Amino acid sequence: MIKISLCILAVYLIYYAGNILYDLFLKKERETYKEETEEFSLSEISEHYESSVMNVGIEDVENLNTPKSFSKNQIHFDYTEGKDERQDLEYLREKFESEQDLDEPVQNKTENTKDFPSTNEDNQSSVQMESAPSIQKSNKDKWHQMLNLAETSVQLIANNDGYKTYQSTM
Amino acid sequence: MIITFATQKGGTGKTTLAIAFANYISAISERKLNVFDFDYQKSFYYKWKDDELSESPKLYEVEIIGDDDQQPFADFETLINLKDSDEINLFDLAGTLDAKYSDLLIYSDFIVIPFEYSDVSVKSTLVFINMLGLLESEAERVFIRSKYDKGYKYLNQEGMDIELKKFGMLLENPVFKKNALQKIDTRKLTYEQKYGVRRSFDELVEYINQTLKITL
């Protein structure tokens with residue numbers, strides 16, 4: 001009986017000694033491992049870049065600074081210094097002439113209708129002749145549009161071993 | 001009247017059928033036949049020119065149109081006169097759709113559309129049908145199976161026939177694939193050639209007669 005109880009006691013002692021050893025060494029190792037992971041965590045890096053990371057919302061994109069406009073003014077070279085007044089006159093004359101050119105056909109037309117009503121028809125026909133190529137072009141464009149529509153309005157409804165059946169969706 | 005042979009894709013035997021039809025119609029009809037080659041390749045016209053060496057008599061005149069860049073029938077009256085005429089005016093078009101064909105496609109009495117059951121051919125036939133619809137063409141559409149192999153089962157035939165019948169007359173008799181048709185000329189139809197196209201063309205003539213209430 002004493003032997004058995006001594007044996008049980010010994011087993012208990014060994015068990016507790018083992019537990020103590022485990023707590024002292026193995027547990028500690030785990031703790032140090034944890035500390036190590038903390039050392040290499042990303043928190044430091046994130047802190048380092050904290051200032052440069054920010055949320056970009058749609059408003060920020062909308063408020064992006066872009067050039068508001070481009071310079072439409074022609075650059076004048078100042079190599080004609082001292083002739084400013086003369087240049088201005090030239091410029092004004094050109095402007096006046098170009099404006100007159102724009103006005104002239106209308107005036108001509110009205111004059112024609114007053115003085116020679118018959119030539120007005122000629123004028124109109126010449127206008128028509130001029131616009132004929134543009135009509136032809138628009139007709140061609142329309143034709144291509146129709147052709148595109150005709151081509152896209154065909155639908156595959158069955159494929160029987162490579163023999164395809166189509167239908168028109170128009 | 002105006003009868004036009006047209007498709008959206010080449011290679012379906014359009015010109016061959018047009019020549020065969022011209023020869024056939026000139027044999028069975030008393031009416032004067034005028035042929036207009038509207039194809040930029042002018043195959044019909046060149047064939048007709050080549051046949052001038054032949055001993056057989058000329059059956060009809062062939063004119064080429066649309067050779068210059070000008071829109072043909074710009075005066076429009078010419079086209080309407082051709083349409084109202086008692087003579088048979090047969091047009092052979094190119095295998096591509098072009099804006100210059102628009103007036104003719106609109107005012108033809110009949111548009112004969114040869115087709116095959118191949119993938120490309122059936123699709124382009126439907127594109128052509130769509131185009132005629134968009135142009136609001138007044139013409140009767142007549143579909144004719146070309147280069148048909150009677151010993152072959154076309155798996156899409158049933159479906160395509162149903163679809164095509166919605167848009168016009170599908171001739172029951174196909175033009176069979178016949179080597180004799182490859183040697184066709186504009187002066188005569190040989191027995192074999194005639195045998196190949198007779199049933200289809202009889203059906204076509206019958207349909208024209210019924211529709212216009214005339215006798216060709």
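Within every chain, numbering begins at 1; the chains are lettered A, B, ... in the order of the sequence lines, protein sequences first and strands thereafter. If you're wondering where the values come from, they're calculated on a predicted model, not measured in any experiment.
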Chain B to chain A donor-acceptor contacts, backbone plus side chain, under 3.5 Å:
from     : atom 1 : to       : atom 2 : distance (Å)
B:Asp119 : OD1    : A:Tyr166 : OH     : 2.6
B:Asp119 : OD2    : A:Lys164 : NZ     : 3.3
B:Asn130 : OD1    : A:Ser168 : OG     : 2.5
B:Asn130 : ND2    : A:Ala150 : O      : 2.9
B:Asn130 : ND2    : A:Ser153 : O      : 3.3
B:Tyr152 : OH     : A:Tyr163 : OH     : 2.4
B:Asn156 : ND2    : A:Lys164 : O      : 2.9
B:Glu163 : OE2    : A:Ser168 : N      : 3.1

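- Enclosure of atom NZ in B:Lys47 by more than 12 non-hydrogen atoms of other residues, nucleotides or ligands within 6.0 angstrom is indicated.
- The candidate from B:Leu164, B:Leu155, B:Ile162 with the greatest count of non-hydrogen atom pairs under 4.5 Å with chain A is B:Leu155.
- Residue B:Leu135 touches chain A through both its backbone and its side chain, counting heavy-atom pairs closer than 4.5 Å.
- Enclosure of atom CD1 in A:Ile4 is not indicated, since only 12 or fewer non-hydrogen atoms of other residues, nucleotides or ligands lie within 6.0 angstrom.
- Residues forming a side-chain hydrogen bond (donor to acceptor under 3.5 Å, both in side chains) with B:Ser200 (at least two apart in sequence, or on another chain): none.
- If you measure heavy-atom distances from B:Ile129 to chain A, you find no contacts under 4.5 Å at all.
- Around atom CZ of B:Arg199, no more than 12 heavy atoms belonging to other residues, nucleotides or ligands sit under 6.0 Å away.
- The number of heavy atoms from other shown groups lying within 6.0 Å of CD (B:Glu192) does not exceed 12.
- Residue B:Lys194 places its NZ atom among 12 or fewer non-hydrogen atoms of other residues, nucleotides or ligands, all under 6.0 Å distant.
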